[in-house]
Amino acid sequence: MFREVRGRISGDSAGWGATHFAARNIHDFDFALIKDTAFGHRGNGELGTLEFRAEFFNLFNVVNFGLPSNIVRGSGFGIISKTAGTSRQIQFSLKVIY
């Protein structure tokens, strides 16, 4: 997912456009692995299916920095103090379908 993030300058911004600065694009790579396994027998078909899922969010753990502070008269103007998005998250699930 790639998108451009823009911010507004608040405070004394005479002569500046509404979106004077822009942040870098957000890079996020999500990935999922799914494995279905049939088990049991009833007549000619399976009795059920066991589904295993492994889902990875922000797989490569790329840090996406947030927007810099946009209060012109503030002491932290232009300082990036947070990230945009989350760190890598991994989720496993097991589902029985019968």
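- In this structure, the side chain of Asn61 engages the main chain of Arg88 through a donor-acceptor pair within 3.5 Å.
- Rounded to the nearest 0.5 angstrom, Gln89 CD and Phe56 CZ are separated by 12.5 Å.
- Between the CZ atom of Phe65 and the OG1 atom of Thr83 there is a distance of 8.5 Å, given to the nearest 0.5 Å.
- No single ILVMFWY cluster, assembled from side-chain heavy atoms under 4.5 Å apart, contains both Leu47 and Ile97.
- Put simply, CG on Leu67 and OG on Ser81 are 10.5 Å apart, with the number rounded to the nearest 0.5 Å.
- Checking side-chain atoms of Asp30 against main-chain N and O of Asn58 turns up a donor-acceptor pair under 3.5 Å.
- When each of Leu33, Leu94, Thr37 is paired with Phe52, the side-chain contact (heavy atoms from CB on, under 4.5 Å) condition holds for Leu94 and for no other.
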### Verdict with reasoning, Thr49 to Tyr98, per side-chain contact (heavy atoms from CB on, under 4.5 Å)
CA-CA 6 Å; Thr49 305; Tyr98 59 95; over 6 Å; no
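- Rounded to the nearest 0.5 Å, atoms NZ (Lys95) and CD1 (Ile34) are 9.0 Å apart.
- For the residue pair Glu51 and Asp36, the shortest heavy atom distance occurs at CG-OD1, 3.2 Å.
- Residues forming a side chain to side chain donor-acceptor pair (under 3.5 Å) with Arg53 (at least two apart in sequence, or on another chain): Glu55.
- When all heavy atoms of Gly76 and Ser69 are compared, the pair lying nearest together is O-CB, 3.1 Å.
- Every residue two or more places apart in sequence or in another chain was checked for a ring-ring contact (aromatic ring centres under 6.0 Å, His included) with Phe92, and none qualifies.
- Residues Ile90 and Phe57 fail the side-chain proximity criterion, which asks for heavy atoms closer than 4.5 Å.
- The CG atom of Asp28 sits 10.0 Å away from the CG atom of Leu59 when rounded to the nearest 0.5 Å.
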